[in-house]
**Q** 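Sharing a structure below in structure tokens format, with a few things to ask.
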Amino acid sequence: MSEQLPIPAIPLTGLTVLITGATGGLGKGIALRFACAGANIVLHHRASPQIASEFAETLQEFGKSPLVVSGDIRDETACRDVVAAAVNEFGHLDALINNAGIQPVAPLEGMTVADWETVVNTNLSGTFAMTQAAASEMKSSGRGGSITHIASVEASLPAPSHAHYAASKAGVIMHARAAALELGPHNIRVNSISPGLIDRGDLAETWPQGRESWLAAAPLGRTGTPGDIGDACVFLASPLARWISGHDLVVDGGMSAVPAW
């Protein structure tokens, strides 16, 4: 992997974490951080079995044998099956990272209802369905747990041609807060993370203008990496965050502090 992996400051040996959308750049970065911390890893994908299998082999370098599961998070039965597979393999589920999502570009005027529903059903409804399935297991086990939604800074500052995406991520943040309210009595914490601009390694080629604009304004002088988000996920799933729930953690290198004038 091109990103340097630090020695984990938070050991999570014995903890089982399920990461949805684990075959994408962000999902892989999150999984790597949990592997560094010694957690049991469940890698979810929808339709990328080869990528998932190859990545699982990479994680075995950390002395772990990840479980690879597939399923459409828009389907409630599939979500329950994914959670059940994780429990059958490791005996319990302690953390869920709702990372799976899509980010298409479509101007508002030309957007169809089908375009809108595709994004909202994946990013928001899928997050709801996975949360419901995981929470049911965490509640019945009596162990409690941690659920983290991957939202976006676009939830409060939308980009052009991202109306469906921005609205879905705003919904994700509010869903985390609502779920935290209802699941707290069962010792289940629910939070969200809002990443800023993340470079998965190809941003200089795919969006040079946006990257340069970000770098010119960012207080910390760089774009984010998948590992930056992974570290935040590890923290929220750890005992160090035991009294944090219903919170949106913005991980953007300070960009939210930059004035617009």
Side-chain angles (χ1 to χ4, degrees), residues 1-73 78-101 126-127 130-131 133-135 137-138 141 143-150 188-191 193 195 198 200 225-241:
M1 307 300 292
S2 59
E3 189 178 345
Q4 186 177 1
L5 300 177
I7 298 174
I10 307 175
L12 297 178
T13 303
L15 178 143
T16 299
V17 58
L18 166 59
I19 303 159
T20 67
T23 56
L26 188 55
K28 287 181 177 179
I30 294 170
L32 279 166
R33 287 310 197 254
F34 275 102
C36 285
N40 300 318
I41 310 292
V42 182
L43 302 173
H44 161 270
H45 70 93
R46 185 175 67 86
S48 305
Q50 184 173 348
I51 296 174
S53 178
E54 292 173 353
F55 182 55
E57 291 182 9
T58 298
L59 293 186
Q60 289 180 3
E61 298 175 9
F62 298 91
K64 294 291 184 179
S65 295
L67 173 66
V68 175
V69 295
S70 63
D72 190 336
I73 62 171
C79 291
R80 290 192 292 268
D81 288 345
V82 165
V83 169
V87 174
N88 288 339
E89 179 72 14
F90 296 112
H92 50 85
L93 178 64
D94 303 292
L96 166 67
I97 310 299
N98 280 310
N99 169 68
T127 292
M130 278 302 308
T131 298
E137 169 57 33
M138 292 173 178
S141 73
R143 294 170 60 93
S146 169
I147 299 173
T148 302
H149 303 348
I150 302 301
I188 301 172
R189 299 180 295 104
V190 189
N191 295 286
I193 292 173
I198 303 299
R200 296 167 175 81
T225 68
D228 291 325
I229 307 307
D231 286 337
C233 288
V234 167
F235 165 69
L236 287 177
S238 79
L240 294 182

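Throughout, residue positions are numbered sequentially from 1 according to the sequence presented. What you are looking at is a predicted structure, and each value in this text was computed from that prediction instead of being measured.
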**Q** Going from CG on L96 to CD1 on I188, what distance comes out if it is rounded to the nearest 0.5 angstrom?
**A**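 Nearest 0.5 Å value for the CG-CD1 distance: 10.5 Å.
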**Q** Starting at CG of D228, measure out to CD1 of I198 and round the result to the nearest 0.5 Å.
**A** 6.0 Å
**Q** If you round to the nearest 0.5 Å, how far is NZ of K28 from CG of L59?
**A** 9.5 Å
**Q** Using the side-chain contact (heavy atoms from CB on, under 4.5 Å) rule, pick out the option among T20, I150, I229, L18 that qualifies with I97.
**A**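 For I97, the side-chain contact (heavy atoms from CB on, under 4.5 Å) check succeeds only for I150.
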**Q** Looking only at heavy atoms, what is the nearest atom pair of V82 and S70, with distance?
**A** CG2-O, 3.7 Å
**Q** Rounded to the nearest 0.5 Å, how far apart are SG of C233 and CG of D231?
**A**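 Taking SG in C233 and CG in D231, the distance rounds to 9.0 Å.
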**Q** Could you tell me whether the side chain of R46 reaches within less than 4.5 Å of the side chain of I73, counting heavy atoms only?
**A** no
**Q** Would you give the length of the straight line joining atom NE2 of H149 to atom OG1 of T131, rounded to the nearest 0.5 angstrom?
**A**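 Here the rounded value is 4.0 Å.
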**Q** Closest heavy-atom contact between P226 and L26?
**A** CA-CD1, 3.8 Å
**Q** Verify, without hydrogens or angle tests, whether S53 (side chain) and Q50 (backbone) share a donor-acceptor contact under 3.5 angstrom.
**A**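 Between the backbone of Q50 and the side chain of S53 there is no qualifying donor-acceptor contact (under 3.5 Å).
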**Q** Could you tell me if the side chain of E89 sits less than 4.5 Å from the side chain of V69, heavy atoms only?
**A**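 Side-chain contact under 4.5 Å: no.
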**Q** Taking salt bridge (Lys or Arg N to Asp or Glu O under 4.0 Å) as the definition, give me every residue that meets it alongside D72, ordered by chain and number, with sequence neighbours left out.
**A** R74
**Q** Heavy atoms only: give me the nearest A85-L67 pair and the separation to one decimal.
**A** O-CD2, 3.4 Å
**Q** Would you name the heavy atoms of F62 and C36 that are closest together and state the gap between them?
**A**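 Closest pair (atom of F62, atom of C36, distance): CE2-SG, 3.6 Å.
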**Q** Name all residues meeting the side-chain contact (heavy atoms from CB on, under 4.5 Å) criterion together with A39; count only those two or more places apart in sequence or in a different chain, and write none if there are none.
**A**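 Only L12, L15, V17, F34, I41 meet the side-chain contact (heavy atoms from CB on, under 4.5 Å) criterion with A39.
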**Q** What is the minimum heavy-atom distance between G14 and N40, and which atoms define it?
**A** O-ND2, 3.8 Å
**Q** What's the separation between atom CG in L236 and atom CZ in R189, rounded to the nearest 0.5 Å?
**A**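 These two atoms lie 7.0 Å from each other.
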**Q** Do you know which two heavy atoms are closest between V83 and M130, and how far apart they sit?
**A** CG2-CE, 4.2 Å
**Q** So does G21 get a backbone contact from the side chain of N99, meaning a donor-acceptor N/O pair under 3.5 Å?
**A**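 At least one qualifying donor-acceptor pair exists.
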**Q** Using only atom types and a distance under 3.5 Å, with no angle test, would you say the side chain of H92 pairs donor to acceptor with the backbone of T16?
**A** no
